[in-house]
**Q** 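Take a look at the following structure, please.
Along the sequence shown, the residues carry numbers beginning at 1.
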Amino acid sequence: MSSYTPNTDLWIERSRLVGMMLGCVSYGIYFILTVQAWIALMQQPQNGGAIADHRRALLFYIFITFALMTISFAANAKYTEMIWIDLRDTPGGPLTLIQNETDYSINVLALSTGHIQEWFMQALLLHRCFVIWNWARSVMIPMTTLYIAMIAMSILVQIQASTGAVWYNIDFLIVYLCIEVGLTVAYTILVAYRLLSMRSKMKQAMVQYDSSTYDTVVRMVIESAVLYSIFAVLFIIAFALHSDGVSTLCFLSIGQVQGIAQLFIIIRVARGRAITREWSTGVAAPPTLVFSGTASAKYCSDAFHFHGRIRSMYNMNVNMLKVLKVFDTKGGTDYQN
């Protein structure tokens with residue numbers, strides 16, 4: 001018995017269907033992590049503790065990003081259903097519907113909500129970076145410029161999509177993706193460099209200094225960035241090479257992957273496995289401190305100011321570094337004992 005195979009690109013059609021299934025899996029993981037993060041934050045005391053000052057902001061962040069992601073995911077799922085059910089008799093078949101998806105407002109809605117979600121996620125990264133760098137202008141200005149450029153490119157992508165342009169031919173999309181990935185990579189490098197620099201100074205100030213705190217935070221920052229960056233770079237390469245099938249696979253999950261990476265950090269913070277402001281303001285002094293003979297007075301002063309409780313060990317007027325304010329590896333109550 002012979003079968004009729006229409007003249008179409010079955011690889012792109014399969015990639016849309018498989019990409020949507022992968023999107024369902026990634027959304028499921030994102031949903032579970034969202035619930036875990038919400039519960040972990042709600043279990044924190046409203047006053048005092050490691051993250052009480054930022055609890056409402058983090059809850060709002062979790063709520064708004066989850067709502068935007070849910071709208072984007074639901075719109076993509078609905079259009080996937082429309083491709084093979086509601087609009088299956090459209091001339092050109094599913095391939096035409098996939099290539100010209102921006103002709104339908106439901107896809108513009110999915111794109112817009114997904115991009116706005118990414119604005120919030122990148123804003124959270126910027127806040128962490130600025131706090132760790134003590135709001136230094138040399139860091140704030142270029143990072144803010146990149147962030148504004150990312151939003152501008154995002155708006156241009158949405159405008160071009162709303163005119164019905166072919167998705168795979170949107171000019172500003174690859175520029176937007178490159179800026180977004182560049183912002184994530186820059187954040188990772190800046191935060192890791194700052195933490196490693198402070199670790200080096202602490203080791204010079206104290207002979208027997210346990211640097212595991214810094215190592216843990218650096219690993220956490222890098223791990224969360226690598227997950228999204230690899231996925232996004234694969235998307236950029238596929239889009240640039242016009243590998244429409246691969247870019248379709250990546251596109252339907254990229255937002256969830258970025259959200260998952262952010263939630264990992266929030267959950268660790270809420271459960272007391274990252275570092276926050278309490279580290280720089282309320283750390284109990286160790287029972288015994290052994291200083292190296294070659295440590296300078298500045299290093300000693302920096303170290304004692306950073307650990308909080310010991311003030312003015314030397315009568316010097318120096319600018320102290322304020323870092324490790326946005327993560328908490330041991331939880332707020334541990335430092336209060």
Side-chain angles (χ1 to χ4, degrees), residues 50-51 54 124-144 146 182-227 229 261 264-265 268-269 272-332 334-335:
I51 60 172
H54 304 97
L124 180 61
L125 292 184
L126 283 183
H127 177 262
R128 289 183 188 140
C129 184
F130 293 164
V131 170
I132 288 177
W133 276 89
N134 201 26
W135 303 93
R137 290 186 179 181
S138 58
V139 172
M140 290 180 61
I141 292 175
M143 293 294 283
T144 302
L146 278 176
L183 195 61
T184 302
V185 172
Y187 156 80
T188 305
I189 293 173
L190 285 170
V191 171
Y193 172 79
R194 182 70 163 176
L195 296 177
L196 292 174
S197 176
M198 278 305 300
R199 183 188 68 172
S200 176
K201 290 186 177 183
M202 294 298 292
K203 282 185 174 181
Q204 293 183 51
M206 286 184 263
V207 174
Q208 297 178 348
Y209 177 70
D210 182 7
S211 63
S212 60
T213 296
Y214 293 92
D215 298 336
T216 299
V217 177
V218 170
R219 282 198 305 269
M220 182 176 62
V221 170
I222 294 176
E223 287 169 2
S224 63
V226 165
L227 175 65
S229 298
F264 274 138
I265 293 181
R268 296 185 72 174
V269 168
R273 294 200 295 267
I275 296 179
T276 54
R277 187 178 301 272
E278 308 324 1
W279 230 76
S280 61
T281 59
V283 180
T288 303
L289 297 178
V290 180
F291 294 94
S292 62
T294 58
S296 68
K298 180 180 182 300
Y299 283 143
C300 293
S301 184
D302 283 345
F304 281 118
H305 180 83
F306 178 74
H307 281 283
R309 292 284 178 84
I310 302 177
R311 307 292 184 182
S312 302
M313 191 67 178
Y314 296 93
N315 188 18
M316 299 176 61
N317 182 19
V318 294
N319 292 322
M320 304 303 178
L321 297 175
K322 296 180 180 179
V323 294
L324 300 181
K325 294 181 179 178
V326 292
F327 304 102
D328 183 9
T329 56
K330 297 183 180 179
D334 291 342
Y335 296 125

**Q** What are the two closest heavy atoms between A261 and S224, and how far apart are they?
**A**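 What the structure gives for the nearest pair is CB-O, 3.1 Å.
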**Q** Mind checking whether R128 and I265 have side chains closer than 4.5 Å, heavy atoms only?
**A**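 Answer yes - side chains close enough.
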**Q** Passes side-chain contact (heavy atoms from CB on, under 4.5 Å), L183 versus L126? Steps please.
**A** CA-CA 9 Å; L183 195 61; L126 283 183; 4.3 Å; yes
**Q** Could you give the distance from OH (Y187) to CG (L146), rounded to the nearest 0.5 Å?
**A**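 These two atoms lie 15.5 Å from each other.
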**Q** Quick check: closest heavy atoms across W133 and L190, and the distance to 0.1 Å?
**A**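 Heavy atoms of W133 and L190 come nearest at NE1-O, 3.1 Å.
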**Q** How many angstroms lie between atom CD1 of I132 and atom CE of M198, to the nearest 0.5 angstrom?
**A**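 With rounding to 0.5 Å, CD1 (I132) is 11.5 Å from CE (M198).
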**Q** Work out which heavy atom in F130 is nearest to a heavy atom in M143; give both atom names and the distance.
**A**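 Answer, listing the atom of F130 first, then M143: CE2-CB, 3.9 Å.
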**Q** Between V191 and C129, which heavy-atom pair has the shortest distance, and what is it?
**A**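 Taking every non-hydrogen atom into account, CG2-CA, 4.2 Å.
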**Q** Measure the OG1-CD1 distance between T184 and I189 for me, rounded to the nearest 0.5 Å.
**A**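 So the gap between those two atoms works out to 11.0 Å.
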**Q** State which residues pass side chain to side chain donor-acceptor pair (under 3.5 Å) with S229; sequence neighbours excluded, sorted by chain then number.
**A**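 In terms of side chain to side chain donor-acceptor pair (under 3.5 Å), with neighbours along the sequence ignored, S229 is linked to no residue.
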**Q** State which residues pass ring-ring contact (aromatic ring centres under 6.0 Å, His included) with F264; sequence neighbours excluded, sorted by chain then number.
**A**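 Partners of F264 under the ring-ring contact (aromatic ring centres under 6.0 Å, His included) test: none.
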